[in-house]
Amino acid sequence: MTQNHHPRPRTDAPSPLHPLDNPARSSLTGPHARFAERRGRILRYPADVTPWLALPDVPDAQDWADVAALAGPGGSVALAAFQDPPPQDWEVVFRAEGVQLVDASVDAAPDPEAVPLGPRDVPEMLDLVARTRPGPFLPRTVELGTYLGIRRGGALVAMAGERLHPPGWTEISGVCTDESVRGQGLASRLVLAVAHGIRERGETPFLHASASNTGAVRLYESLGFRLRRRTEFLSALVPATLPSAEGTRRPSLR
């Protein structure tokens, strides 16, 4: 008797979910495929780009084994827009409720004071992030998309840019303002300017925020973003003892 064989779906197979339901995976199997590091069905960004790792829509035990092999024993794994718990023997070290907001009626517009930021600006960008803590921003995060900044007296005092990039969508991220210029509307102006660039490409802006940061959520809603879904940000540690595993492979996303 012939047995039917049902192989596990390819990592890059189209997802039946909305692209924003699993935005890291949608990005790494789409516009950000050039960044993807792969093991089995697991994809992740390089560690110096952004910490997010992408699980399949419905991960199984083998997927979690592949996550563990990628991160290594005791390694930290960061998951965005995540709903399910990791395996019981994984230690959750950070969990926060988040919100995902999408462009509903954003009055996007360029800003005459905003200047493009690139690799030469990274030391200043990292310094601003260290003072303001908007969320993960690493030495190569600037490669994910357009970043804009505002300078005063030559110093970078505010910035915003692009991070996750599901097909047809771009996340606005890294929004931060130095304490010396807060209350001047610089963050709003930069969000609108980044949104303008996204719209010019025919894509739709979206963003994530901590649900507890009610001030930021109110600001984004006042700019024309609306709540799409509630989600979680999670960081967990891989168990210290793991079976031996093969190395990371670059994906073939054809």
Side-chain angles (χ1 to χ4, degrees), residues 11-12 14-15 17-38 41-57 59 67 70 77-83 94 96-104 106 108 117 125 129 134-148 159-176 190-191 193-211 213 216-217 220 223 225-235 251 253:
T11 307
D12 53 327
S15 169
L17 302 180
H18 190 285
L20 298 190
D21 288 346
N22 195 343
R25 181 177 182 274
S26 298
S27 300
L28 288 169
T29 58
H32 279 173
R34 68 190 183 278
F35 293 106
E37 298 177 349
R38 174 180 179 178
R41 300 196 302 171
I42 303 303
L43 298 176
R44 70 174 180 181
Y45 286 92
D48 56 354
V49 174
T50 193
W52 306 123
L53 178 143
L55 289 162
D57 296 335
V67 173
L70 273 176
V77 174
L79 300 169
F82 186 68
Q83 300 288 355
F94 175 81
E97 183 181 0
V99 293
Q100 186 182 81
L101 305 164
V102 296
D103 176 5
V106 175
L117 301 174
M125 298 167 80
V129 166
F137 186 90
L138 301 167
R140 292 179 55 206
T141 302
V142 70
E143 297 177 22
L144 294 176
T146 299
Y147 273 81
L148 300 177
M159 74 174 192
E162 301 174 356
R163 188 171 60 181
L164 296 179
H165 194 174
W169 301 80
T170 300
E171 181 191 26
I172 298 177
S173 183
V175 181
C176 54
L190 286 170
V191 167
V194 174
H196 174 77
I198 295 169
R199 289 254 199 91
E200 287 289 291
R201 298 198 301 263
E203 298 175 343
T204 303
F206 77 104
L207 49 82
H208 292 104
S210 170
N213 191 351
V217 174
Y220 296 138
L223 295 178
F225 289 90
R226 65 167 175 81
L227 177 67
R228 178 179 178 268
R229 68 194 292 248
R230 294 187 177 275
T231 185
E232 280 193 338
F233 301 99
L234 181 146
S235 179
L253 299 178

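One finds the OH atom of Tyr45 at 7.5 Å from the CZ atom of Phe35 (value rounded to the nearest 0.5 Å). Taken to the nearest 0.5 Å, the CG atom of Asp103 stands 13.5 Å off from the CZ atom of Arg228. Summarising the geometry, atom CG belonging to Leu28 is positioned 11.0 Å from atom CD1 belonging to Ile42; distances are rounded to the nearest 0.5 Å. Atom CG of Leu101 sits about 11.0 Å away from atom CG of Leu20, to the nearest 0.5 Å. For the atom pair CZ (Arg25) and CG (Leu43), the distance works out to 7.5 Å, reported to the nearest 0.5 Å. Between the CG atom in Leu17 and the OG atom in Ser26 there is a gap of 8.0 Å [rounded to 0.5 Å].
Using a 4.5 Å heavy-atom cutoff, the side chains of Thr170 and Arg201 are in contact. Looking at Ser210 and Phe233, their side chains never come closer than 4.5 Å, going by heavy atoms from C-beta outward. Counting only heavy atoms from C-beta outward, the side chains of Pro166 and Phe206 approach each other to under 4.5 Å. Residues Val175 and Tyr220 form a side-chain contact, since some pair of their non-hydrogen atoms from C-beta on lies under 4.5 Å apart.
The side-chain contact (heavy atoms from CB on, under 4.5 Å) test with Arg163 is passed by exactly one of Val49, Ile172, Thr50, Leu207: Thr50. The one candidate from His208, His165, Glu171 that meets the side-chain contact (heavy atoms from CB on, under 4.5 Å) condition with Pro23 is His208.
When atom types are taken as modelled, the side chain of Asn22 and the backbone of Leu55 share a donor-acceptor pair closer than 3.5 angstrom. Under a 3.5 Å cut-off, the side chain of Arg44 and the backbone N or O of Leu70 do form a donor-acceptor pair. Using modelled atom types, no side-chain atom of Glu203 and backbone atom of Ile198 make a donor-acceptor pair closer than 3.5 Å.
When all heavy atoms of Gly135 and Val129 are compared, the closest pair comes out as O-CG1, 4.1 Å. Looking at every heavy atom in both residues, Ala209 comes nearest to Val217 through CB-CG2, 4.2 Å. Closest of all the heavy-atom pairs between Val106 and Ala195 is CG1-CB, 4.3 Å. Across Trp52 and Leu164, no two heavy atoms sit closer than the pair CD1-CD2, 4.3 Å. Between Leu144 and Glu162, the closest heavy-atom pair is CB-O, 3.7 Å.
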task: Quick one: do Glu143 and Arg34 satisfy salt bridge (charged side-chain N to carboxylate O under 4.0 Å, His left out)? Show the steps, please.
output: CA-CA 11 Å; Glu143 297 177 22; Arg34 68 190 183 278; over 6 Å; no
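A salt bridge between Arg41 and Asp57 is absent, with no side-chain N of the basic residue lying under 4.0 Å from a carboxylate O of the acidic one.
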